[in-house]
Amino acid sequence: MADNPEERACEATSPSTEPAVRWLTRDELDDLRRDMAESSAWMRAELRRRKARRSVDQQR
């Protein structure tokens with residue numbers, strides 16, 4: 001068995017000849033980063049909205 005974790009991951013293959021994991025391409029990484037940034041922005045906006053709503057509810 002290989003000492004390098006990357007090599008060990010590639011050794012854990014499915015019945016086919018493809019490795020169980022693979023490196024993402026540059027385009028896939030860029031897409032993932034963009035998606036994560038959009039999700040993060042959405043979550044920050046959602047948390048602000050909930051905080052504002054909670055503040056209004058507490059004032060009643």
Side-chain angles (χ1 to χ4, degrees):
M1 182 152 256
D3 291 331
N4 183 341
E6 295 166 9
E7 291 176 19
R8 280 197 306 267
C10 289
E11 288 175 359
T13 57
S14 60
S16 70
T17 58
E18 293 191 30
V21 295
R22 66 174 177 81
W23 293 105
L24 296 176
T25 65
R26 174 61 56 194
D27 287 341
E28 289 171 326
L29 281 172
D30 291 343
D31 289 344
L32 179 59
R33 287 185 180 114
R34 186 173 21 267
D35 183 53
M36 291 174 68
E38 290 171 3
S39 296
S40 179
W42 177 86
M43 181 52 66
R44 285 192 304 272
E46 179 68 13
L47 289 172
R48 276 192 303 271
R49 185 188 67 77
R50 290 180 187 189
K51 185 176 181 180
R53 184 176 185 179
R54 196 171 40 242
S55 176
V56 168
D57 288 345
Q58 288 176 355
Q59 291 176 0
R60 292 181 184 181

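One-based numbering along the sequence shown. These values consider heavy atoms only, across backbone and side chains, with no hydrogens, waters or symmetry-generated copies.
With hydrogens and angles disregarded, a donor-acceptor distance shorter than 3.5 Å links the side chain of Ser39 to the backbone of Asp35.
The hydrophobic cluster containing Val56, built from Ile/Leu/Val/Met/Phe/Trp/Tyr side-chain heavy atoms closer than 4.5 Å, comprises no other residue. Cluster partners of Met43, using a side-chain heavy-atom cutoff of under 4.5 Å among ILVMFWY residues and allowing indirect links, are Trp42, Leu47.
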Arg33 and Asp30: side chain to side chain contact (heavy atoms under 4.5 Å, CB included), yes or no, with the steps? CA-CA 5 Å; Arg33 287 185 180 114; Asp30 291 343; 4.0 Å; yes
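Under 3.5 Å, the side chains of Glu28 and Thr25 contain a donor-acceptor pair of N or O atoms.
No continuous path of hydrophobic side-chain contacts links Leu32 to Trp23 [ILVMFWY only; heavy atoms under 4.5 Å].
Each of Arg54, Gln59, Arg60 was evaluated against Asp57; a single residue qualifies, Arg60, per the side chain to side chain contact (heavy atoms under 4.5 Å, CB included) test.
Using a cutoff of 4.0 Å between basic side-chain nitrogens and carboxylate oxygens, Glu38 and Arg34 are not scored as salt-bridged.
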